[in-house]
Each structure stands twice: as C-alpha cells, then as structure tokens.
Amino acid sequence: MTIQWFPGHMTRAKRQIQEKLKLIDVVLELIDARVPVSSRNPMIDEIVGPKPRLILLNKADLADPQQNERWLEWFRSFGHEVLAIDANTGTGTRDISGRVKLLLKEKIDRQIAKGMNPRAARALIVGIPNVGKSTLINRLAGRAAAITGDRPGVTKGQQWIRTGGDLELLDTPGILWPKFEDPEVGFRLAATGAIKEQVLPIDEVACFLLQWLATAYRDTLVERYGLTDLPEQLPDIGSAAEVLEQIGRKRGCLAGGGHVDYEKAAGVVLRDLRSGKLGRITLEAPII
Ligand code: G4P
C-alpha cells in the first residue's frame with residue numbers, strides 16, 4: 001500500500017517556516033528519538049538553510065538508552081549540535097539555552113565587542129505533528145502558554161514566550177510534514193502514533209513492528225507475550241501474522257468461531273509499544 005504525501009502541504013509549510021526564520025536566531029528541530037530519521041523532514045536542511053540549529057531527540061524516555069547514545073553520536077558526526085530530551089518531564093531541557101548560547105557564541109561575542117548588551121536568543125521550534133512541540137513550549141515556558149494541537153488560527157499574530165534562560169520562543173511552532181513514500185518510514189511513524197491509525201491498516205503496522213522486535217528486542221517480545229518457538233527472524237508479513245495470531249490467542253482477542261481478531265491483537269501490541277509497556281524501544285538504527 002502506498003501512502004499519499006501531498007507536496008502542497010510541504011510547500012505551504014516550507015513557506016510559513018521561512019517567514020518565521022526571518023524573526024529568529026536559532027531553530028530547535030524536534031525529532032522523535034524512537035524514529036530519529038523517519039520523523040525528520042528530508043527537506044529540513046534546505047528549509048532551515050544556514051540558520052543555526054539545535055536538534056532535539058524528544059521522547060528519549062521512551063527510546064532505547066543505548067540507541068539514544070548511538071543516534072547522538074550519529075548526528076554529531078554530521079557536525080550537528082544535538083541533545084536528548086524528554087519534554088514531558090523536562091529531562092535534558094535545562095541544557096537547551098546553554099547549547100543555544102554555544103551555537104550563537106560568535107554572534108554574541110561580536111555584539112559584546114561592539115559594546116552591545118546581547119538580547120535573549122530567539123528560537124523557533126519545528127517538527128512533524130505529535131513530536132512534542134507544544135509540550136516542549138509549555139515546558140520551557142514553565143506554564144501552559146502554548147497552543148495545543150496544530151489547529152490553524154488559534155493564535156492571532158505571533159508572540160514571544162520568555163523562558164527561564166536567555167531564550168525566547170515564537171509561540172507558534174513550525175509544522176513540518178513527514179515524507180513517507182518509503183513504506184518502512186510510514187510503518188514506523190504509524191507504530192509510534194505520528195500517523196493516524198486510519199491511514200495504514202493496523203494489523204500490517206503491528207506485523208511490521210513484530211518483525212523489528214523479533215530481531216532487535218527478541219527477549220522483550222518473548223517475555224511480554226509468553227511466546228514459544230519464536231523464529232530467529234520474521235522474514236515476511238505472513239510469518240509476523242503467525243506471531244500476531246499467537247499474541248491474539250494469549251490475550252483473548254477472538255472473533256467468532258474461535259478465530260483471532262487481528263485488529264484487536266494489533267491494538268494490544270501497538271498500545272503496549274506506545275505506553276512503554278514493551279520497555280524502551282527504538283525502531284530504527286543509525287547506519288554508521
Ligand atoms: P505536537 O505539538 O508536536 O503535535 O505534539 P504534542 O506536544 O501535542 O505532544 C504529542 C504527545 O506526545 C502528547 O501526548 C505528549 O504528552 C507526548 N509527549 C511529548 N513529549 C514527550 C516526551 O518527551 N516523552 C513522552 N513520553 N511523551 C511526550 P498525549 O497528550 O497523550 O497525546 P496522544 O499521545 O494522545 O497523541
């Protein structure tokens with residue numbers, strides 16, 4: 001199944017972000033630590049251009065800690081400044097303003113050399129829907145200052161939100177669209193909940209997830225669902241469906257005639273992933 005990606009969305013989002021870039025000193029690019037590449041917009045370099053940028057691996061609390069380290073290293077190897085954070089609890093977010101200062105050091109030093117008093121750095125948060133933009137704005141603002149959701153027209157005009165550090169945020173984040181022409185990217189985003197469930201068949205998403213878990217998080221998978229005879233690999237969707245069937249039986253996800261209700265079983269697996277019941281899981285590995 002191919003998922004549609006609308007170039008029109010991207011063109012509009014790009015234009016809106018580029019308007020905002022004129023107002024700011026630094027971009028905070030929010031991505032999902034569980035799917036660091038799939039949750040990025042592939043045109044981000046072109047959109048942001050030479051504007052200094054700090055990459056934030058959000059939801060690091062849900063991602064595999066070892067993989068977080070590998071991904072941080074991977075982004076640094078491309079010369080990016082990057083931090084792992086959890087916008088929900090605030091872990092790592094206190095380091096943001098310090099990192100921004102480092103990124104803007106030359107500019108700040110120049111201002112000081114001219115006898116100017118450097119003003120607070122101005123930042124724009126950008127990221128795909130559901131990556132945690134509003135949560136981060138609220139966290140940095142220390143109060144419920146940000147609009148929630150991506151509803152257009154909620155705020156009229158743009159406002160600066162002051163944060164504790166020497167950092168000001170634009171109150172409306174830049175919304176990027178993921179590009180999921182590659183089916184694997186689509187499945188990863190659907191598994192984490194970034195893409196609405198109606199877009200992709202939930203049982204196929206669960207099968208994709210099981211294929212990944214069977215190799216990358218085998219013990220977790222076996223333990224959580226009490227699986228017996230889990231093959232070393234699930235090479236195709238058929239073999240993954242057999243495992244989904246086993247899980248469905250164990251969890252009592254039955255339709256009429258004793259058959260397994262695959263959609264229900266898929267719902268169990270996806271809920272377990274998203275709520276962290278499967279433990280901390282990363283769905284893609286950096287190629288180093
Ligand atoms: P957005 O503005 O980019 O669209 O995202 P938003 O802040 O609304 O966050 C989307 C969901 O992600 C929220 O869950 C939020 O609590 C959660 N979230 C954001 N940052 C983090 C993080 O660092 N760690 C964890 N564990 N969760 C985070 P929600 O309100 O329950 O929405 P939903 O899950 O029902 O979509």
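Just so you know, ligand 1 is whichever comes first in the structure, and atom 1 is the first atom listed for that ligand. Residue indices begin at 1 and follow the sequence shown. Here the structure is a predicted model, which is why all the values come from computation and not from measurement. Keep in mind that the numbers below use all heavy atoms, side chains included, and drop hydrogens, waters and symmetry copies.
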Enquirer: Quick check on contacts: which atoms of ligand 1 are under 4.0 angstrom from a heavy atom of S134?
Expert: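 Close to S134: 2 (O), 7 (O).
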
Enquirer: Under a 4.0 Å N-O cut-off, is there an ion pair linking K101 with D166?
Expert: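 Answer for the salt bridge query: yes.
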
Enquirer: Does V131, backbone or side chain, put an N or O under 3.5 Å from an N or O of ligand 1?
Expert: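 Yes, there is a polar N/O contact under 3.5 Å.
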
Enquirer: Considering both backbone and side-chain atoms of A60, is one of its nitrogen or oxygen atoms within less than 3.5 Å of a nitrogen or oxygen in ligand 1?
Expert: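 Min N/O separation from ligand 1 is not below 3.5 Å for A60.
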
Enquirer: Report the part of D86 in contact with ligand 1, treating N, CA, C, O as backbone and CB onward as side chain, heavy atoms under 4.0 Å; options are side chain, backbone, both, neither.
Expert: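 Both the backbone and the side chain of D86 come within reach of ligand 1.
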
Enquirer: May I ask you to check whether over 12 heavy atoms, not counting those of D236, lie within 6.0 Å of atom CG?
Expert: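 For D236, atom CG is crowded (more than 12 foreign heavy atoms under 6.0 Å).
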
Enquirer: Output, in order, the C-alpha distance, side-chain angles, deciding distance and verdict of side chain to side chain contact (heavy atoms under 4.5 Å, CB included) for I31 and F75.
Expert: CA-CA 12 Å; I31 57 183; F75 281 108; 3.5 Å; yes

Enquirer: For the 3.5 Å polar cut-off, considering only N or O atoms, please tell me whether A87 and ligand 1 meet it.
Expert: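 It does: an N or O of A87 is found under 3.5 Å from an N or O of ligand 1.
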
Enquirer: If the threshold is 4.0 Å, N to carboxylate O, is there a salt bridge linking R53 and D45?
Expert: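 Counted as a salt bridge, because a side-chain N and a carboxylate O are separated by less than 4.0 Å.
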
Enquirer: Does the distance from a Lys or Arg side-chain N to an Asp or Glu carboxylate O, for D272 and R224, drop under 4.0 Å?
Expert: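 Salt bridge present between D272 and R224.
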
Enquirer: Within ligand 1, which atoms have a heavy atom of D61 less than 4.0 Å away?
Expert: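 So the atoms of ligand 1 that pass are 22 (C), 23 (O), 24 (N), 25 (C), 26 (N).
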
Enquirer: Flag yes if more than 12 heavy atoms outside K105 fall under 6.0 Å of its NZ atom; otherwise flag no.
Expert: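 No, because the 6.0 Å sphere around NZ of K105 holds 12 heavy atoms or fewer from other groups.
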
Enquirer: Which atoms of ligand 1 sit under 4.0 Å from any heavy atom of L62?
Expert: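 Answer for ligand 1: 26 (N).
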
